Amino acid sequence: MSNAKSILAKGQVIDDKYTVIFFLKKGSYAESYRVIDKEKKTKLLKLFSFSKLTRTQFDKNDDVLEIEILKTLKHPNIVNLKDSGNILLDNQKYAYAILDFISGETLADKMKREQTFTQDEAKDIVLGVLNGLNYLHKQENPIIHNDITNLNVMLDLSGQITIPKIIDFGYARFLSQSNKDFQKEGLNPFYTSNETFNKVFSVQSDIFSVGALYYHLLVGLPPWFVELSKFKSDAIKLEDVVLKEREKPLKVVGSDSKIDANTFNIIAKALQPDAENRFKNVKEFIQAVNGEIEVENPILEKSIAQSQTLKSVKKGEGFKSIAGMQGLKDTIKLDVIDALNEKEKYAEYGLTIPNGMLLYGPPGCGKTFFAEKMAEEIGFNFYQIKPSDIQSKWVNASQENIKNLFEEARKNAPSIIFIDELDALVPNRDNSSVNHMNTSAVNEFLAQMNNSGDEGVFIIGATNRPNSIDPAILRAGRLDKHMYLPPPDYEARELMFKLYLEKRPTDIGLDYAALSKATENYVSSDIKFLCDEASRMALKTKSRISKQILLQTIEANKPSISLSELNSYNAIKAKMEGKQSNSNERPKIGFKNK
């Protein structure tokens with residue numbers, strides 16, 4: 001009667017009505033077969049093992065919930081139940097459901113071959129699924145499917161038009177049911193909404209799943225994809241990793257993605273982590289896909305506050321941690337700190353906090369470090385931004401992200417917005433290689449900067465390429481102050497060696513002055529690297545870090561910035577200050593030993 005692969009055998013008759021043709025697949029609690037009825041019509045039989053079903057899969061009358069739900073449904077985008085019943089096999093109780101056979105394949109099978117779909121193909125599939133869900137949600141007692149994935153959508157190919165059909169209602173629930181009666185184990189985490197991880201299901205849960213399906217169809221991977229193989233034995237850790245990934249802005253992976261700006265906005269809205277920010281219902285989702293309503297870009301709805309920018313005001317030593325740069329610190333104290341603490345006095349002279357400053361100089365000279373210490377010094381909220389955090393390939397999206405960033409900073413004022421690699425965000429618009437999208441981003445940035453100081457937002461831009469920044473950004477009323485950060489001078493280098501080596505096993509009486517003398521034109525990051533390399537060498541020989549080891553390390557590692565590059569930066573500095581270049585003059589810079 002049975003074999004190792006399946007409960008039912010080929011030719012076996014069920015309830016004197018259905019003859020098994022062949023076994024299809026086996027699940028955790030059910031098996032599927034192709035059968036024929038007495039009229040020789042092909043059907044699908046799903047056989048449920050009572051002993052393997054969880055209590056959440058029965059209704060209050062102890063009937064199989066999936067079958068009872070299917071009995072109430074009839075829609076062209078939903079698999080159709082024809083018959084059902086209970087049988088005994090080898091003294092074991094089973095329930096069966098007879099479903100219309102769908103001549104076609106699952107969406108997952110088609111995706112294995114084609115990887116991604118055109119925008120029109122994906123739209124047709126998604127609309128079919130949404131129409132089916134709309135029917136489910138409109139029932140007198142609404143039904144939530146809870147498991148919309150590419151595995152649970154069949155493509156009916158029997159007619160001239162492909163018809164998507166929702167199948168497998170194993171996780172479906174009536175909305176009126178308690179959340180306690182919900183089995184989440186076995187759900188695909190990439191299609192599962194945030195709240196469903198906590199066994200909370202709703203209309204918005206299904207909306208999230210369709211958003212994930214839409215993205216998967218167009219990109220070839222689910223949104224916020226992580227490698228599952230690392231978490232086979234730890235479902236909780238997997239959920240935590242997936243939820244952490246979703247704190248990041250939704251991005252398109254792959255240069256050949258077929259998502260246009262409007263479609264991306266629709267998908268991003270459906271995939272909002274907070275259910276309240278998704279489409280209110282499936283009908284609204286359908287209207288958006290059909291172009292009947294416009295969806296604004298929701299990309300930064302969560303990302304500014306959660307993922308990459310806002311840092312709480314830190315307790316630290318502020319400028320005490322920095323040696324040198326006295327002119328820069330004096331400027332900050334006069335123009336920012338005192339202006340904030342003595343507003344009335346400054347107002348008498350018609351002065352407010354300046355809009356911002358530009359920190360420029362060779363790579364590795366501590367521009368980011370200075371910005372962080374400045375935030376500590378004055379107690380401002382600190383936003384650290386890279387161009388990749390707010391740039392987008394979509395039309396108008398970068399402008400929207402810039403607008404959202406400034407609105408968030410104003411809301412949490414007083415704030416510092418620190419933008420690293422500013423030249424990449426606001427390149428010179430006169431450069432023929434700058435496209436229209438970047439031009440629009442520069443315009444938006446300029447508009448948002450106007451009067452930002454009056455609203456408690458101070459902007460610090462950092463760059464290694466000041467000549468590539470749009471000149472309009474550097475004019476008065478925007479980035480008013482231009483401060484050059486050169487490689488550290490003799491005193492600063494000596495203090496850096498002390499700072500980086502003070503907690504390591506060094507020789508007593510280490511000659512820091514000699515180390516400083518040997519590292520002229522080395523930038524701050526070079527000094528840190530030399531200390532680390534010398535420490536590794538000492539560890540290998542199980543000795544203390546000596547002057548000899550450090551000098552050998554210095555000899556083996558030349559400065560990362562060449563003398564010609566330093567001279568070019570001095571020339572840029574002279575030009576920005578309206579002076580003649582003098583490469584021998586360099587302001588002091590460094591980090592003070594704590």
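Just so you know, these numbers come straight off a predicted model, no measurement behind them. We count residues from 1, following the sequence as given.
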Exercise for review: Run the numbers on Leu99 and Ile167 for side-chain contact (heavy atoms from CB on, under 4.5 Å), then give the verdict.
Suggested key: CA-CA 10 Å; Leu99 305 161; Ile167 63 172; over 6 Å; no

Practice item. Determine, stepwise, if the pair Lys46 / Glu31 fulfils salt bridge (Lys or Arg N to Asp or Glu O under 4.0 Å). Key: CA-CA 6 Å; Lys46 189 170 183 178; Glu31 295 183 357; over 6 Å; no

Practice item. Let me see the working for Lys403 and Glu444 under side-chain contact (heavy atoms from CB on, under 4.5 Å), right down to the final yes or no. Key: CA-CA 7 Å; Lys403 176 185 175 184; Glu444 180 65 33; 3.8 Å; yes

Practice item. Start with the C-alpha distance between Gln384 and Thr368, add both sets of side-chain angles, then the distance that settles side-chain contact (heavy atoms from CB on, under 4.5 Å), and finish with yes or no. Key: CA-CA 9 Å; Gln384 184 172 337; Thr368 302; 3.8 Å; yes

Exercise for review: Before giving the answer on side-chain contact (heavy atoms from CB on, under 4.5 Å), spell out for Ile163 and Ile102 the whole-Å C-alpha distance, their side-chain angles and the decisive distance to 0.1 Å.
Suggested key: CA-CA 10 Å; Ile163 300 176; Ile102 301 173; over 6 Å; no

Exercise for review: Would you please test Asn194 and Arg246 for side chain to side chain donor-acceptor pair (under 3.5 Å) and show each step?
Suggested key: CA-CA 9 Å; Asn194 291 24; Arg246 290 179 185 174; 2.7 Å; yes

Exercise for review: Would you please test Asp109 and Thr106 for side chain to side chain donor-acceptor pair (under 3.5 Å) and show each step?
Suggested key: CA-CA 5 Å; Asp109 287 336; Thr106 66; 3.1 Å; yes

Practice item. Give the intermediate values and the outcome of side chain to side chain donor-acceptor pair (under 3.5 Å) for residues Ser193 and Gln204. Key: CA-CA 8 Å; Ser193 63; Gln204 277 70 34; over 6 Å; no

Practice item. List the steps, then state whether salt bridge (Lys or Arg N to Asp or Glu O under 4.0 Å) holds for Lys411 with Glu455. Key: CA-CA 9 Å; Lys411 194 184 301 180; Glu455 299 172 298; over 6 Å; no

Exercise for review: Apply side chain to side chain donor-acceptor pair (under 3.5 Å) to Tyr96 and Asn86, showing your working.
Suggested key: CA-CA 6 Å; Tyr96 70 86; Asn86 295 329; over 6 Å; no

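Using modelled atom types and a 3.5 Å distance limit, the side chains of Tyr383 and Asn412 yield a donor-acceptor pair. Residues Thr149 and Asn188 have side chains that never bring a donor and an acceptor to within less than 3.5 angstrom of each other. The closest side-chain donor-acceptor pair between His137 and Asn281, if any, does not fall under 3.5 angstrom. Residues Thr118 and Asp120 bring no donor and acceptor atom of their side chains to less than 3.5 Å of each other. Side-chain contact check for Gln448 and Arg410: at least one donor-acceptor pair (N or O, by modelled atom type) lies under 3.5 Å. No hydrogens or angles considered: a donor-acceptor pair under 3.5 Å links the side chains of Gln119 and Asp260.
The two atoms that bring Tyr214 and Ala122 nearest to each other are CE2-CB, 3.9 Å, heavy atoms only. In terms of heavy atoms, Phe382 sits closest to Ala371 at CE1-O, 3.7 Å. Here the closest heavy-atom approach between residue Phe264 and residue Leu250 is recorded as CZ-O, 3.3 Å. Nearest heavy atoms, Ile7 versus Gln12: O-OE1, 4.4 Å. Between Ser452 and Ile459, the shortest heavy-atom distance links the atoms OG-CD1, 3.6 Å. For Lys165 against Asp156, the heavy-atom pair with the smallest separation is CE-OD2, 3.2 Å.
For Phe23, the ring-ring contact (aromatic ring centres under 6.0 Å, His included) test picks out Tyr33, with sequence neighbours left out.
Salt-bridge check for Lys269 with Glu294: failed, with every basic side-chain N at 4.0 Å or more from each acidic carboxylate O. Ion pairing between a basic and an acidic side chain is recognised when a charged N comes within 4.0 Å of a carboxylate O; Glu114 and Lys110 show such pairing. Salt bridge annotation for Asp37-Lys17: absent, with no cationic side-chain nitrogen under 4.0 angstrom from a carboxylate oxygen.
Counting non-hydrogen atoms of neighbouring residues, nucleotides and ligands closer than 6.0 angstrom, the CG atom of Asp16 reaches no more than 12 such neighbours. Shown here is Leu88, whose CG atom has more than 12 heavy atoms of other residues, nucleotides or ligands within 6.0 Å.
The closest side-chain heavy-atom distance from Ile460 to Ile416 is below 4.5 Å. Ile143 has its side chain out of reach of Leu175: every pair of non-hydrogen atoms, C-beta onward, lies at least 4.5 Å apart. Residues Asp206 and Val282 are not in side-chain contact: their nearest non-hydrogen atoms beyond the backbone lie 4.5 Å or more apart. In this structure, the side chains of Val295 and Phe279 come closer than 4.5 Å at one or more pairs of heavy atoms.
In this structure, Lys10 fails the cation-pi test against Phe22, since its NZ or CZ atom is not both closer than 6.0 Å to the six-membered ring centre and inside 45 degrees of the ring normal.
Ring-centre distance between Phe190 and Phe225: below the 6.0 Å cut-off. Remark: aromatic rings of Phe169 and His145 are close, center separation under 6.0 Å. If you look at Phe208 and Tyr191, their ring centroids are not closer than 6.0 Å. Here the two rings, on Phe406 and Phe445, have centers that are under 6.0 Å apart.
Pairs of residues two or more places apart, or lying in two chains, that qualify as ring pair (Phe, Tyr, Trp, His ring centres under 6.0 Å) and include a residue from residues 74-95 are His75-Tyr135.
Between the side chain of Asn80 and the main chain of Asp100, no donor-acceptor pair closer than 3.5 Å is present.
Among Leu136, Asn131, Asn134, the one residue that satisfies the side-chain contact (heavy atoms from CB on, under 4.5 Å) test with Asn77 is Asn131.
Rounded to the nearest 0.5 angstrom, Ile293 CD1 and Ile266 CD1 are separated by 8.0 Å.
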